[in-house]
Amino acid sequence: MTFRVLHQPSTNQARCPYRVIVQETGREIDWINHYLDYEMLRRLADTTLRTYAHELLHFLRWWERIHHTDAINKDALTESTRISADLLAACANGHR
């Protein structure tokens with residue numbers, strides 16, 4: 001799958017203008033866009049929202065490459081975080 005950030009201005013003040021979608025189908029990545037909408041309600045700056053959208057896009061691309069899905073659940077995220085921390089610690093120990 002190919003993901004991208006789409007800029008869709010809206011008159012809805014609760015909807016972030018930056019949406020992360022699957023490029024081939026236009027399907028929105030709900031968990032990212034819900035988060036961006038939440039941050040929009042907090043009245044974050046437009047540039048901050050755009051930055052968050054792109055950072056989450058990069059994370060999503062990495063996640064999909066490893067897990068072959070755009071869906072995230074707490075257990076999978078916890079496991080990936082633990083593996084990443086273990087790899088970082090191993091790299092740090094190897095360079096001392």
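In this text the structure is predicted, and so the values were computed from the model without any measurement.
One hydrophobic cluster, built from ILVMFWY side chains closer than 4.5 Å, holds both Val20 and Phe59. Hydrophobic clustering (side-chain heavy atoms under 4.5 Å, transitive across Ile, Leu, Val, Met, Phe, Trp, Tyr) groups Leu49 together with Trp31. The hydrophobic clustering, which links ILVMFWY residues whose side-chain heavy atoms are closer than 4.5 Å, places Ile66 and Met1 together. Side-chain heavy atoms closer than 4.5 Å link hydrophobic residues (I, L, V, M, F, W, Y) into clusters, and following such links, possibly through other members, connects Trp62 to Ile72.
In this structure, Thr11 has no side chain to side chain contact (heavy atoms under 4.5 Å, CB included) partners at least two apart in sequence or on a different chain. In this view, Arg4 satisfies the salt bridge (Lys or Arg N to Asp or Glu O under 4.0 Å) rule with no residue, not counting sequence neighbours.
Sorted by first and then second residue, the pairs that involve residues 25-35 and meet salt bridge (charged side-chain N to carboxylate O under 4.0 Å, His left out), not counting sequence neighbours, are Arg15-Glu28, Arg19-Glu28, Arg27-Asp70. Listed by first and then second residue, the side chain to side chain donor-acceptor pair (under 3.5 Å) pairs that reach into residues 39-53 are Tyr18-Asp46, Tyr35-Glu39, Glu39-Arg42, sequence neighbours excluded. Residue pairs meeting the salt bridge (charged side-chain N to carboxylate O under 4.0 Å, His left out) criterion with at least one partner in residues 53-66, sequence neighbours excluded, do not occur; the list is empty.
Through direct or relayed side-chain contacts under 4.5 Å between Ile, Leu, Val, Met, Phe, Trp and Tyr, Tyr38 connects to no other residue.
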Hey, mind stepping through Ile21 and Phe3 against side-chain contact (heavy atoms from CB on, under 4.5 Å) and telling me if it holds?
CA-CA 6 Å; Ile21 64 165; Phe3 305 100; over 6 Å; no
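None of Ile29, Thr2, Leu60 except one satisfies the side chain to side chain contact (heavy atoms under 4.5 Å, CB included) rule with Val22; the exception is Ile29.
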